[in-house]
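Have a look at the structure below, then the notes.
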Amino acid sequence: MNLLLVLPIVIPLAAAAACLMVWRSRRAQRAIAVVTSFALLAAAIAVFAAVRERSFLITELGSWPAPFGIVLVADLLSALMLTVSAVIAVATTIYSLASMEARHERFGFYPLSMLLMMGVNGAFLTGDLFNLYVWFEVMLISSFVLMVLGGEKEQMESGIKYVTLNLISSSFFLTGIGVLYAVTGALNLADIARALPAAEQPGLVAAIAVIFLVAFGIKAAVFPLFFWLPASYHTPPAAVSAIFAALLTKVGVYALLRVFTLVFVHDPGFTHQLILLIAGLTMITGVLGAVAQNEFRRILSFHIISQIGYMIMGLGIFTSFALAASIFYVLHHIIVKANLFFISGIVHRIRGTYELKRLGGLQTLTPFLALLFFVPAMSLAGIPPLSGFFAKLGLVRAGIAAGEFPIVAAAVATGFFTLFSMTKIWNEAFWKPAPESTELPGWRAAARVMMVPVIALALLTVAIGLGAGWLFSVSLEASEQLMHREVYMRHVLEAGSR
């Protein structure tokens, strides 16, 4: 049963190798990518089902027991992240069949996207801090090449900014690992959590926590470390932007959730209050940046930043209910944000631009696309009964219960500004009269394929809203596992003896 944990890593790795073997055949690479994405979804669902039954799945690679060997660990949080990431992999693969240009496919889009998914899944499953660093580097290498796919000037400029800031993050991460190993003599997360309370230098432990907060904060694009994201996410092809927006920053958020509930819980009055302050500043600065933009994908990019603030808000409050709301928010946002980037790509396919001033008339030209935009846009803004409303409601309730009224005020204000910026896109792209420029030829045939994942994700957004009670209860179970870290430690460290 525990061999299930290997599949989310091995499947995309094998697919990437297979794509390289048929490098000259675009059709074969497409077929491999489609089959692989559905296989990845099936494996993720199997892991989720097994975790619901057994609470934890643990695989000790090479039969070396923890903490000496490398372990893969899946709890409910890992399983949820694996599943929703696999959904995005399927949606992106189908979307790319009609949206990706031939030159991008020839440059290796499909094998690179599979390697990216391998890195994402590895980060969700690893129980070892150094291997988390390794998976981050796998994601960085594959995402950098995907970002500059095509070699256009704007892509190269954004790619340099992207890779430079992420290399700085990697440097902080590796430094933190080294210092933490010197203090605890451990790299396994459960073993570090066991050994760290015995450290006789609380000031040093706090400093290490800040180092990891900076490292993961850059990955997650929190305030004031987010400036690489809006400078880069609007430049690659729409399918690449969508998978980046959906998954890359969420791996950073996942790392924050994992490390600051398992390892750095010695002084929540310092670490988690600092996270709460960062959450509020991230919300406000991100949404104000979105309001100031006049380009479709730039607005969406700044919204990623503001929504990250909501995701770490629950971690800062640090209660089971608040963590559950954060987990729910992450899952909702992955679906919604990918869909909005997909829609921006369809708009670009119709008009040939992302500039709002040059858009218009889409509500008349394709009213169904207008409806499809309305669903994720209103969900992002938190309008009931869509998924975003329940995600924000949970965080607001948690903040009020904890007496953290400033962050609640920031969350509510950010919601209003989010709604304003979404109506800005609606008015400029869909509602106002069409510009003089005509639509590009042949867009209808491409849009029919591109709309398939958009429809599926819109329906999923509605379903999450209508079934919010079930998903929130699962999120609450996941948060309880995070809060009771001794259970995680016991399962991992005693796995070899069972």
Side-chain angles (χ1 to χ4, degrees), residues 73 75-78 80-81 84-85 120 123-129 132-133 135-136 139 165-166 168-170 172-177 180 189 192-193 196 205-226 228-229 247-268 270-283 286 304-320 322-331 333-334 391 395 398 407 475 478-479 481-483 485 488:
V73 185
D75 58 3
L76 265 179
L77 177 60
S78 301
L80 285 168
M81 297 299 290
V84 73
S85 299
V120 169
F124 291 151
L125 290 174
T126 185
D128 181 276
L129 197 57
L132 180 60
Y133 167 80
W135 292 122
F136 270 40
M139 288 189 295
L165 268 296
N166 276 275
I168 293 173
S169 170
S170 298
F172 273 98
F173 192 1
L174 199 56
T175 300
I177 291 173
L180 194 57
L189 283 167
I192 294 171
L196 197 60
V205 174
I208 298 171
V210 172
I211 291 174
F212 278 96
L213 182 57
V214 172
F216 297 148
I218 294 175
K219 299 289 186 182
V222 304
F223 177 89
L225 309 169
F226 60 76
W228 59 270
L229 191 153
L247 299 182
L248 291 191
T249 51
K250 310 313 177 299
V251 178
V253 172
Y254 170 84
L256 286 170
L257 290 172
R258 180 65 68 192
V259 171
F260 282 89
T261 57
L262 179 61
V263 177
F264 299 113
V265 294
H266 59 288
D267 187 12
F270 168 69
T271 53
H272 291 70
Q273 282 299 309
L274 179 59
I275 290 172
L276 197 62
L277 174 62
I278 292 171
L281 294 173
T282 303
M283 289 181 200
I304 297 172
I305 298 166
S306 68
Q307 306 299 304
I308 294 296
Y310 285 101
M311 297 174 206
I312 64 172
M313 173 182 168
L315 178 60
I317 296 172
F318 203 48
T319 63
S320 293
L323 282 173
S326 284
I327 294 168
F328 187 101
Y329 204 103
V330 171
L331 301 175
H333 187 265
I334 289 173
L395 288 169
I407 194 68
S475 299
S479 72
Q481 288 183 340
L482 293 178
M483 293 296 291
R485 67 192 190 110
Y488 179 99

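Since the model is a prediction, treat every value here as computed from it, not as a measurement.
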Using a 4.5 Å cut-off on heavy atoms from C-beta on, say whether the side chain of [Y] contacts that of [X].
| X | Y | value |
| --- | --- | --- |
| I334 | L247 | yes |
| I327 | L77 | yes |
| H333 | Y310 | no |
| M81 | V120 | no |

For the residue pair [X] and [Y], what are the closest heavy atoms and their distance?
| X | Y | value |
| --- | --- | --- |
| I312 | A279 | CG1-CB, 3.5 Å |
| L276 | I407 | O-CD1, 3.7 Å |
| G314 | L395 | N-CD2, 3.8 Å |
| S479 | S320 | OG-O, 2.9 Å |

Separation between [atom1] of [X] and [atom2] of [Y], rounded to the nearest 0.5 Å:
| X | Y | atom1 | atom2 | value |
| --- | --- | --- | --- | --- |
| L256 | I308 | CG | CD1 | 9.0 Å |
| L132 | L125 | CG | CG | 11.5 Å |
| M313 | Q307 | CE | CD | 12.5 Å |
| F226 | L281 | CZ | CG | 9.5 Å |
| M311 | I304 | CE | CD1 | 8.5 Å |
| I177 | F172 | CD1 | CZ | 14.0 Å |

Q: Check ring-ring contact (aromatic ring centres under 6.0 Å, His included) between W135 and all other residues, then give those that pass, not counting sequence neighbours.
A: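 Partners of W135 by the ring-ring contact (aromatic ring centres under 6.0 Å, His included) criterion come out as none, since no residue qualifies.
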(Q) Please enumerate all residues that pass ring-ring contact (aromatic ring centres under 6.0 Å, His included) together with Y133, with sequence neighbours excluded. (A)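 With sequence neighbours excluded, Y133 shows a ring-ring contact (aromatic ring centres under 6.0 Å, His included) to F130, F173, given in chain and number order.
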Q. Would L331 and L80 count as a side chain to side chain contact (heavy atoms under 4.5 Å, CB included) if you check the C-alpha gap in whole Å, the side-chain angles of each, and the deciding distance to 0.1 Å?
A. CA-CA 8 Å; L331 301 175; L80 285 168; 4.1 Å; yes
Q.
Please evaluate residues S170 and F136 with respect to the criterion side chain to side chain contact (heavy atoms under 4.5 Å, CB included), reporting the C-alpha separation (whole Å), side-chain torsions for both, the decisive distance (0.1 Å), and the verdict.
A. CA-CA 8 Å; S170 298; F136 270 40; 5.7 Å; no
Q. Who passes side-chain contact (heavy atoms from CB on, under 4.5 Å) against A322, sequence neighbours left out?
A.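 Result, side-chain contact (heavy atoms from CB on, under 4.5 Å) vs A322: I317, T319, A398.
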(Q) So, using side-chain contact (heavy atoms from CB on, under 4.5 Å) as the criterion, who are the partners of S306 when residues are at least two apart? (A)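 side-chain contact (heavy atoms from CB on, under 4.5 Å) list for S306, sorted by chain: V287, H303, T414.
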Q. For S169, which residues count as a side chain to side chain donor-acceptor pair (under 3.5 Å) partner, sequence neighbours excluded?
A.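 With sequence neighbours excluded, S169 shows a side chain to side chain donor-acceptor pair (under 3.5 Å) to no residue whatsoever.
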Solution key, residues 205-225 side-chain donor-acceptor pairs under 3.5 Å, sequence neighbours excluded:
residue: K219; atom: NZ; partner: N166; partner atom: OD1; Å: 3.4

Going by atom type alone, with no hydrogens or angles, which donor-acceptor pairs under 3.5 Å involve a side-chain atom of residues 257-268 and a protein atom two or more places apart or on another chain?
residue: R258; atom: NE; partner: Y254; partner atom: OH; Å: 3.2
residue: R258; atom: NH1; partner: D75; partner atom: OD2; Å: 2.7
residue: R258; atom: NH2; partner: D75; partner atom: OD1; Å: 2.9
residue: R258; atom: NH2; partner: D75; partner atom: OD2; Å: 3.2
residue: R258; atom: NH2; partner: S78; partner atom: OG; Å: 3.1
residue: R258; atom: NH2; partner: Y254; partner atom: OH; Å: 3.0
residue: T261; atom: OG1; partner: L257; partner atom: O; Å: 2.5
residue: T261; atom: OG1; partner: R258; partner atom: O; Å: 3.3

